[in-house]
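Reminder, nothing fancy here: chain letters follow the sequence lines and each chain counts from 1. Treat the numbers as computed from the prediction; the structure is a model and nothing was measured.
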Number of protein chains: 2
Amino acid sequence: MKIDPQQKKIKAQVRELFTAYLEKNKQRKTPERYAILDEIYSHKEHFDVDSLFVKMKSRNYQVSRATVYNTLDLLVEAELVKKHQFGQNTSHYEQAYGYRQHDHLICNRCKEVLEFCDPRVQQISNTMGSLLKFQIGHHSLHLYGDPLLTEKGECQHCNKNLYP
Amino acid sequence: MKIDPQQKKIKAQVRELFTAYLEKNKQRKTPERYAILDEIYSHKEHFDVDSLFVKMKSRNYQVSRATVYNTLDLLVEAELVKKHQFGQNTSHYEQAYGYRQHDHLICNRCKEVLEFCDPRVQQISNTMGSLLKFQIGHHSLHLYGDPLLTEKGECQHCNKNLYP
DNA sequence: CTCGGTGCAAAGCTTTTGCATCCGC
DNA sequence: GCGGATGCAAAAGCTTTGCACCGAG
């Protein structure tokens, strides 16, 4: 894996933000917590708890599942990680820092997750917040659909033949 | 419970639609399936699998959990029921017929689910579908937020005192 | 030193599966 | 009567919990 200087910078910023969060909330700064944060910000992709657990294990770092769950909760609370539920019963997570606001489109065929941006989502959130008298903290917009195939029956995204 | 003539009419229509779906897909018309559909359309509220199972049991109708799960899948497929995942690990369901398109706002405090309508959601769905070359089948937009409290600290929805 | 965090394994919940029986077609 | 659907219970996931030990403050 290449070392992206931009990613390295983000990692450092995120560590600082996490430290600030931990201090503010009088939580301990354990090496496990930082190791998990670091691992998460080493890959751009979405992930689930188990794949993160396996990644930690396959590196030199030994953590328990319980700690992974605990730390993810903390990171969500600190707004450094976002939690999603895409149709399945497993939760998916993604980085929340250094990345512009976006939503997700999930392919019904291959379950791949694409990202997109639309400012109207924020507008809706604002409108409904004031209309219903809520302070909206976050939202999730998921679109589910089938890819339009080429005349050969190939998916225009994963390039796999998905006919029919 | 009052018998709402409008609701009764909807029930009849839904039964017909379900019959059409079952015939089209060469599935059997079992009494259990109709009983479950009927139970779902007897209450307007959202529900989860277990509460539906309990409701069926507490009536005269005995069904197994497996059948509830199977039938819900069918009903989702037939577009008579919508499935949602609100933050928790339990799936929630709601009627999909005789009800205008709407999305959900979930209260962070009491977990109550409010509904709202905004045509811009459909517009976003259309825009992103053609932009990313997908045929969007359905979507889910969930807003999560805290209710604005009155000066006495009461929630303006459930009227409970939620201070602080 | 103290008390919160961690690791491990067991328990808890929701959902799925296997198999015998039942019943719609 | 055949083959799919159901019921029951067991199994399979994912997540949470209990408890002993460890280590950050």
Side-chain angles (χ1 to χ4, degrees), chain A residues 15 18-40 46-78 81 83-93 111, chain B residues 15 18-40 46-78 81 83-93 111:
Chain A
R15 259 194 300 271
F18 193 33
T19 300
Y21 174 82
L22 291 175
E23 284 174 355
K24 179 168 161 244
N25 294 73
K26 299 191 177 51
Q27 302 261 0
R28 290 185 180 169
K29 297 170 215 149
T30 69
E32 289 86 354
R33 289 175 173 176
Y34 284 98
I36 290 169
L37 178 62
D38 207 71
E39 181 61 39
I40 291 171
H46 296 180
F47 59 92
D48 57 32
V49 173
D50 201 61
S51 70
L52 177 57
F53 176 70
V54 170
K55 271 190 232 157
M56 298 293 295
K57 203 157 205 169
S58 72
R59 286 172 175 254
N60 39 39
Y61 220 95
Q62 176 78 334
V63 284
S64 71
R65 275 198 169 74
T67 301
V68 173
Y69 277 102
N70 285 338
T71 304
L72 280 172
D73 284 348
L74 274 180
L75 291 171
V76 168
E77 190 59 34
V81 165
K83 182 175 182 175
H84 297 286
Q85 303 255 170
F86 302 120
Q88 292 84 40
N89 16 349
T90 34
S91 294
H92 284 240
Y93 296 83
K111 307 300 172 197
Chain B
R15 261 194 300 270
F18 192 34
T19 300
Y21 173 83
L22 291 174
E23 285 174 354
K24 179 166 161 245
N25 293 73
K26 299 190 177 49
Q27 301 260 359
R28 292 185 179 167
K29 296 168 216 152
T30 68
E32 288 87 354
R33 289 174 173 177
Y34 285 98
I36 289 169
L37 177 61
D38 207 71
E39 181 61 38
I40 291 171
H46 296 180
F47 59 92
D48 58 31
V49 173
D50 201 61
S51 71
L52 177 56
F53 176 71
V54 170
K55 270 189 232 159
M56 298 293 296
K57 204 157 202 168
S58 73
R59 287 174 176 253
N60 38 39
Y61 221 95
Q62 176 78 335
V63 285
S64 71
R65 275 199 168 72
T67 301
V68 174
Y69 277 102
N70 286 338
T71 305
L72 280 172
D73 284 349
L74 274 179
L75 291 171
V76 168
E77 189 60 33
V81 165
K83 183 175 180 173
H84 296 286
Q85 302 255 171
F86 303 119
Q88 291 83 40
N89 16 349
T90 36
S91 294
H92 283 240
Y93 296 83
K111 306 301 173 197

Inset, instruction - Take atom CD of B:Q88 as the centre, draw a 6.0 Å sphere, and report whether it contains more than 12 heavy atoms from other residues, nucleotides or ligands. - result: yes
Inset, instruction - Please evaluate the base of D:dC8 for a donor-acceptor partner in the side chain of B:R65 within a cut-off of under 3.5 Å? - result: no
Inset, instruction - With the side chain of B:K29 defined as its heavy atoms from C-beta on, choose the nearest nucleotide among C:dC25, C:dT6, D:dG7. - result: C:dC25
Inset, instruction - State, yes or no, whether a side-chain contact exists between B:T19 and B:E23 at a heavy-atom distance under 4.5 Å. - result: yes
Inset, instruction - Starting from the 5' end of DNA chain D, give me the residue, B:N89 or B:T30, whose nearest nucleotide shows up first. - result: B:T30
Legend entry - Between C1' of D:dC8 and NZ of B:K57, the distance in whole Å: 10 Å
Legend entry - Any N/O donor-acceptor pair, B:R33 side-chain to C:dG24 base, under 3.5 Å: no
Legend entry - Donor/acceptor link under 3.5 angstrom from A:R28 side chain onto base of D:dG25: no
Legend entry - Closest approach of B:F53 to B:V63 (non-hydrogen atoms, all atoms of both residues): CE1-O, 3.1 Å
Legend entry - For A:L52 against A:E39, the heavy-atom pair lying closest together: CD1-CG, 3.7 Å
Inset, instruction - Quickly work out the B:E32 CD to D:dG4 P distance and round it to whole Å. - result: 17 Å
Inset, instruction - Show your reasoning for whether side-chain hydrogen bond (donor to acceptor under 3.5 Å, both in side chains) applies to A:N70 and A:T67. - result: CA-CA 5 Å; A:N70 285 338; A:T67 301; 5.3 Å; no
Inset, instruction - Would you kindly compare B:Q85 and B:Q27 by the position of their nearest DNA chain C nucleotide and give the one closer to the 5′ end? - result: B:Q85
Inset, instruction - State which of C:dT16, C:dG7, D:dT15 makes the closest approach to the side chain of A:A66. - result: C:dG7
Inset, instruction - Send over the distance from B:D48 CG to C:dT15 P, rounded to a whole Å. - result: 8 Å
Legend entry - B:K26 NZ to D:dA5 C1', straight-line distance once rounded to whole Å: 18 Å
Legend entry - Nucleotide C:dT21, atom C1' - distance to CD of B:Q62 in whole Å: 15 Å
Legend entry - Spacing between A:L22 atom CG and C:dG5 atom C1', to the nearest angstrom: 12 Å
Inset, instruction - May I ask you to evaluate whether B:S91 reaches the phosphate of C:dT15, defined as a side-chain N or O under 4.0 Å from OP1 or OP2? - result: yes
Inset, instruction - Please check the phosphate of D:dT16 (OP1 and OP2 only) for any side-chain N or O of A:Y69 closer than 4.0 Å. - result: no
Legend entry - Separation of D:dT16 C1' from A:D50 CG (nearest whole Å): 15 Å
Legend entry - Distance test, side-chain N/O of B:T67 to OP1/OP2 of D:dG7, below 4.0 Å: yes
Legend entry - Separation of D:dT15 P from A:F53 CZ (nearest whole Å): 13 Å
